[in-house]
There are 2 protein chains.
Amino acid sequence: MPENPVPKQRLRAPSQRSLENRARILDAAETLFAREGFAGATIRDIARAADVPVGLVHHHGGGKEALFREVVGRRAEELSTLRLAALDAARARGPLTLAALFDCFFRPYLDKAAGGDPQWLAYARLVAIVSADPAWADISRDLFDPTAHRFITEIGALYPDAPPARVAEAFIYSVAAMLALLTSQWRVAALAGDPGAGPSLDGLIAFCAAGCAARLGA
Amino acid sequence: MPENPVPKQRLRAPSQRSLENRARILDAAETLFAREGFAGATIRDIARAADVPVGLVHHHGGGKEALFREVVGRRAEELSTLRLAALDAARARGPLTLAALFDCFFRPYLDKAAGGDPQWLAYARLVAIVSADPAWADISRDLFDPTAHRFITEIGALYPDAPPARVAEAFIYSVAAMLALLTSQWRVAALAGDPGAGPSLDGLIAFCAAGCAARLGA
DNA sequence: GTCTATATGTAGATAGAC
DNA sequence: GTCTATCTACATATAGAC
């Protein structure tokens, strides 16, 4: 008789249901944080939306703030990978233009958002929340800034005479425009009367590339 | 003996202290709504910051939501007046350019914000909150859209072939850039390493005018 | 791993004294 | 007009049963 009988299930292996609950909790948290803001969303709302008991949200999320960080981080890492891959691929094809750089930065996100996954649209609101609030500066620093800095360096290389702060400023304007495209469609529709049209990646790139060129050019 | 002795103080005339308390409450609410968001700011925080009893905030503000609307409306009306006056003055001087239009729209705000009044900087955060959240669509409609629509019409007149939704979209990008200038200086500093430089009205106008021209031009 | 029950604090709002 | 005291509801978080 073995002294250490092998358990039928490996210790600490998460069950199928546990994984599903965890995923549903993160999705619900993403939706509600996006719609109501960090303070406006409640753990109870999230639990109800995910159809799990309240305590389980704490179990999987580790508190409201940790849950928020995890929700943001999940997509930020995926997006950074896609953006940097697009940038590397574009570099390999030849010299970069401003429009090509913005294409590498915007397209992965807009493809996801336009792909119909409403969670990716919710994420745009989260990025806007984090980007606007110095209280989340650590999230910006850890998750957004490395990739942003890479793109700023590339833009700066196209305009060697522009001071770094000016390049960063133009980049922030461009990101703000991208977030506006994703989060303020309802305002565009209200202002135009015309509800149609819809977002356009090429239009956004044209706006930002021309704006940056005007701000950074000689 | 007169039957109706004249009261020493007119009925319902607000006392000096009442007016001061009211102003302090609105200022404190503005600061805290801007920093913490609508849900994150509490009536109690506001009362403490204004150094008044909690009940007084309800008395003057009429509930949290009404207080928020009043705080936003107070500055929105002042700003709209200044912007439209600048637009009328510019029109009177001759034909408008895109850069001149953005100057009329941006300058009144940036002058106030750069003038050192921290309350005007807080207001930028409030505008960002309202503009990003469909839940406050009625504030946007009543307080922001009339002036915005006026400027969009003027921009559209410069590009008669551009569809209205495209003009509105370019305008929203531009407003987003302006709000980023006011609310995301900390991110620019973090990304550039260089904390210096600071915001530049001319730079913002150059960015937006060139972006709009590229997006709307033939 | 899952969930119930509950602890503890604080929210927005108001009734009524001054 | 001003302010105290308090109501009711709900927040996050956790302890411990299953």
Side-chain angles (χ1 to χ4, degrees), chain A residues 6-72 129 135-136, chain B residues 6-72 129 135-136:
Chain A
V6 177
K8 290 201 176 71
Q9 200 172 350
R10 276 184 306 172
L11 290 174
R12 301 191 304 151
S15 72
Q16 179 68 19
R17 186 164 59 126
S18 173
L19 289 172
E20 285 171 4
N21 279 338
R22 181 187 170 78
R24 279 214 314 285
I25 287 167
L26 288 177
D27 285 349
E30 187 165 57
T31 303
L32 284 163
F33 280 140
R35 191 195 310 152
E36 312 290 340
F38 177 75
T42 70
I43 297 277
R44 287 178 139 77
D45 292 340
I46 293 167
R48 194 177 323 115
D51 197 29
V52 298
V54 186
L56 211 55
V57 178
H58 282 94
H59 178 71
H60 284 293
K64 194 180 183 183
E65 204 170 302
L67 179 61
F68 183 77
R69 281 173 211 277
E70 188 165 354
V71 163
V72 176
I129 290 171
W136 297 114
Chain B
V6 177
K8 291 201 174 72
Q9 199 171 350
R10 276 184 305 171
L11 290 174
R12 299 191 305 153
S15 72
Q16 179 68 20
R17 186 163 58 126
S18 174
L19 289 172
E20 285 171 4
N21 280 337
R22 180 186 170 77
R24 278 213 316 283
I25 287 167
L26 288 177
D27 286 348
E30 186 165 58
T31 302
L32 284 163
F33 281 139
R35 191 195 308 152
E36 312 290 340
F38 177 75
T42 70
I43 298 276
R44 290 179 143 78
D45 291 341
I46 293 167
R48 195 177 322 117
D51 197 29
V52 297
V54 186
L56 210 54
V57 178
H58 282 95
H59 177 72
H60 284 294
K64 193 180 182 182
E65 205 170 301
L67 180 61
F68 183 77
R69 282 172 211 278
E70 188 165 355
V71 163
V72 176
I129 289 171
W136 298 113

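Lettering of chains follows the sequences in order, A, B, ..., and the numbering in each one begins at 1. The model shown is predicted, which means the values in this text are computed figures rather than measured ones.
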Worksheet entry | Candidate nucleotides C/dT4, D/dT2, C/dT2, ranked by approach to the side chain of A/Pro53 - the nearest | C/dT4

Fill in: N or O in side chain of A/His60 less than 4.0 angstrom from C/dG1 OP1/OP2
no

Discussion item. Looking at A/Arg22, I'd like to know whether one of its side-chain N or O atoms comes within less than 4.0 Å of OP1 or OP2 on C/dT2.
Written reply: no

Which donor-acceptor pairs under 3.5 Å do the side chains of residues 53-63 of chain A make with protein atoms, sequence neighbours left out?
none

Discussion item. If I take atom CZ in residue B/Arg48 and atom P in nucleotide C/dT10, what distance separates them, rounded to the nearest angstrom?
Written reply: 10 Å

Worksheet item: If you measure from the Lys or Arg side-chain nitrogens to the Asp or Glu carboxylate oxygens, is any gap between B/Arg48 and B/Asp45 under 4.0 Å?
Response: yes

Worksheet item: Quick one: OG1 on A/Thr31 to CG on A/Leu26, what's the gap to the nearest 0.5 Å?
Response: 11.0 Å

Response to the item:
Taken to the nearest whole Å, CD/B/Gln16 to P/D/dT2 is 11 Å

Discussion item. Could you tell me if the side chain of B/Ile25 sits less than 4.5 Å from the side chain of B/Leu67, heavy atoms only?
Written reply: yes

Worksheet entry | Protein proximity profile, nucleotides 12-18 of chain C - base contact B, sugar-phosphate-only contact S, no contact -, cut-off 4.0 Å on heavy atoms | BBB----

Worksheet item: CZ of A/Arg24 versus P of C/dT2: gap in Å, rounded?
Response: 11 Å

Worksheet item: How long is the span from the CD atom in B/Glu20 to the CZ atom in B/Arg24, to the nearest 0.5 Å?
Response: 7.0 Å

Worksheet item: Hey, does the side chain of A/Ser15 come within less than 4.0 Å of C/dG1's phosphate (OP1/OP2), counting only N and O?
Response: no

Worksheet, complete the sentence: B/Ile46 atom CD1 is separated from C/dT10 atom P, nearest whole Å, by 17 Å

Worksheet item: For the pair made of CG in B/Asn21 and P in D/dC3, what is the distance, rounded to whole Å?
Response: 6 Å

Fill in: Aromatic ring pairing A/Phe38/A/Phe68, orientation class (parallel under 30°, perpendicular over 60°, tilted between)
perpendicular

